[in-house]
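Notes to accompany the following structure.
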Amino acid sequence: MLQVNFIRQNRDLVIERLGVKHFKDIDLVDTIIVQDDLRKKIQSSNDELLSRRNQASKEIGALMGKGLKEEAEAKKGEVASLKNQIDINEQDLVRIEAELKSWLERIPNLPSIKVPLGKTPEDNAVVKEAGIKPVLPDGSVPHWELIRKYDLVDFETGVKITGSGFPLFKGKGAKLQRALIQYFLDFNIAAGYTEYLPPYMVNEATAYGTGQLPDKEGQMYYMPADNFYMIPTAEVPVTNIYRDEIVKEPDLPIKMTAHSPCFRREAGSFGKDVRGLNRVHQFDKVELVQLVHPDKSYAVLDEMVEHVEHLVQSLGLPYRILRLCGGDMSFASALTYDFEVYSAAQEKWLEVSSVSNFEAFQTNRMKIRFKDAEGKMQLVHSLNGSSLALPRIMAALLENNQSGKGIILPEVLHKYFGAASIE
RNA sequence: GGAGAGAUGGCAGAGCGGUCGAAUGCGGCGGUCUUGAAAACCGUUGAAGUGCAAGCUUCCGGGGGUUCGAAUCCCUCUCUCUCCGCCA
């Protein structure tokens with residue numbers, strides 16, 4: 001959520017930047033400013049009345065103390081008439097503030113100046129492409145066939161137990177998942193991130209904090225009996241660890257990592273894109289979250305991109321890094337880099353990570369602040385990134401490394417997997 | 001699931017319906033002392049809105065009520081803790 005004062009002071013810039021995100025309801029910006037003016041006006045006139053009421057009440061107390069009953073009664077009448085106006089003002093204020101908030105919540109974060117113009121994924125800027133696309137041997141097949149061949153995932157039984165999109169990992173498939181999780185976590189911990197293992201269900205306030213609510217509740221699984229949501233990513237519980245907290249400036253940056261399953265309803269996707277592990281309702285992911293000083297967030301974004309890049313490189317997968325265009329970015333992000341790995345048998349790029357700077361958009365909702373050197377309260381900036389999403393990494397590893405002698409695993413996984421290949 | 005207790009500032013913990021944004025302790029910050037540190041002592045130390053500022057207003061888990069006036073009384077919701085039951 002943007003701050004009203006920021007919108008007020010930067011009206012033209014806000015409108016221009018929202019255009020980059022193809023935000024339709026531009027009039028909302030001025031509506032918000034007008035509403036905030038109204039809020040201030042009523043607020044200050046009401047404060048005036050409250051002040052008079054408080055004063056009169058004190059006087060009544062004093063009169064009563066002296067036993068001057070009649071004068072006290074006269075004062076009471078005075079207060080009663082103030083009260084009427086106060087009641088009206090307060091009802092107005094409640095309404096006005098609620099409207100203001102709901103409008104503010106509809107304004108997406110402003111895209112950074114580095115965001116490319118454009119509407120669709122085709123407009124994303126490829127900032128880097130690296131690694132060598134493997135030349136696959138004859139008879140190479142996509143990962144869903146390799147999965148069957150080596151008995152790594154039992155999709156049919158997943159359907160039987162739960163439904164489509166809930167893969168049942170099995171044998172070496174399950175072990176490879178575990179190996180990847182371990183490896184990713186260790187890699188992140190070595191870079192100074194603190195490991196967390198968060199709850200997989202969150203309450204409303206938490207889902208609101210990272211921007212899943214309101215509006216995106218349809219993307220999450222919901223447990224009505226307890227009013228909990230299944231997390232779509234560890235970002236949600238982990239970023240909320242510091243909700244409503246004032247952190248100490250020297251404690252920044254706060255670097256956190258967590259593995260969790262992720263649950264996504266992803267309504268309405270069918271067809272070849274959802275074959276195998278490309279798109280599922282439940283998958284595992286290791287996530288990075290940082291809370292940083294506002295002056296540092298773009299340097300930290302670069303650092304996180306580099307960190308994820310090293311991780312992808314260490315797996316020997318061909319990859320590319322995209323800077324998302326205004327139309328393809330998420331609501332809350334100011335700048336996002338996506339990582340895609342090339343899955344050679346499908347001949348497709350698969351998104352395996354998304355690294356974003358949210359600036360103060362999330363922390364304004366969550367009120368995560370610090371007191372700066374001058375003693376002024378400031379919002380910290382939040383960032384997050386995947387490192388990495390598991391099923392698609394597995395798909396690419398299987399497809400790219402298939403050979404007559406089985407799936408040859410990258411070196412870094414050997415000690416975690418306990419073998420150099422899947423045969 | 002049953003029974004009880006509680007929710008106050010960074011933490012701990014007081015708080016007759018008015019003088020309470022809130023005692024006290026710890027912690028934090030500044031200072032005195034010291035070669036330096038510790039100890040001791042002195043001072044200071046919540047957030048939000050509004051305003052150039054002085055100031056004014058709001059906030060003692062959330063919501064509602066009583067009252068001229070509520071941290072304090074009433075209702076309600078949520079959460080936490082303790083005991084019992086059940087359970088990985």
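Within every chain, numbering begins at 1; the chains are lettered A, B, ... in the order of the sequence lines, protein sequences first and strands thereafter.
Base-pair partner of B:A12: B:U24 (Watson-Crick or G-U wobble, both distances under 3.5 Å). In this structure, B:C68 and B:G18 make a Watson-Crick or G-U wobble pair, each of the two defining distances being under 3.5 angstrom. The base-pairing partner of B:A3, taking Watson-Crick or G-U wobble contacts with both distances under 3.5 Å, is B:U82. In this structure, B:C60 forms no base pair with any nucleotide, since neither Watson-Crick nor G-U wobble geometry is met with both distances under 3.5 Å. In this structure, B:C33 forms no base pair with any nucleotide, since neither Watson-Crick nor G-U wobble geometry is met with both distances under 3.5 Å. B:A54: no Watson-Crick or G-U partner with both key distances under 3.5 Å is found in any strand.
B:C20 sits 37 Å from B:A38 when the C1' atoms are compared, rounded to a whole Å. B:U76 and B:A3: their P atoms are spaced 16 Å apart (whole Å).
No donor-acceptor contact under 3.5 angstrom links the side chains of A:T257 and A:E195, judged on distance only. In this structure, a donor-acceptor pair under 3.5 Å is absent between the side chains of A:N54 and A:S57. If you check the side chains of A:Y150 and A:E145, you find no donor sitting under 3.5 Å from an acceptor. Checked by atom type, the side-chain pair A:Q35/A:E99 shows a donor-acceptor distance below 3.5 Å.
Evaluation of the ring-ring contact (aromatic ring centres under 6.0 Å, His included) rule for A:F6 yields no partner, not counting sequence neighbours. Considering only residues two or more places apart in sequence or on other chains, A:Y416 meets the ring-ring contact (aromatic ring centres under 6.0 Å, His included) condition with A:Y183.
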### Query
Could you write nucleotides 45-71 of chain B as a row of B, S and -, 5' to 3', where a protein heavy atom under 4.0 Å of any base atom gives B, of only sugar-phosphate atoms gives S, and otherwise -?
-SSSBSS----SSS---------BS--
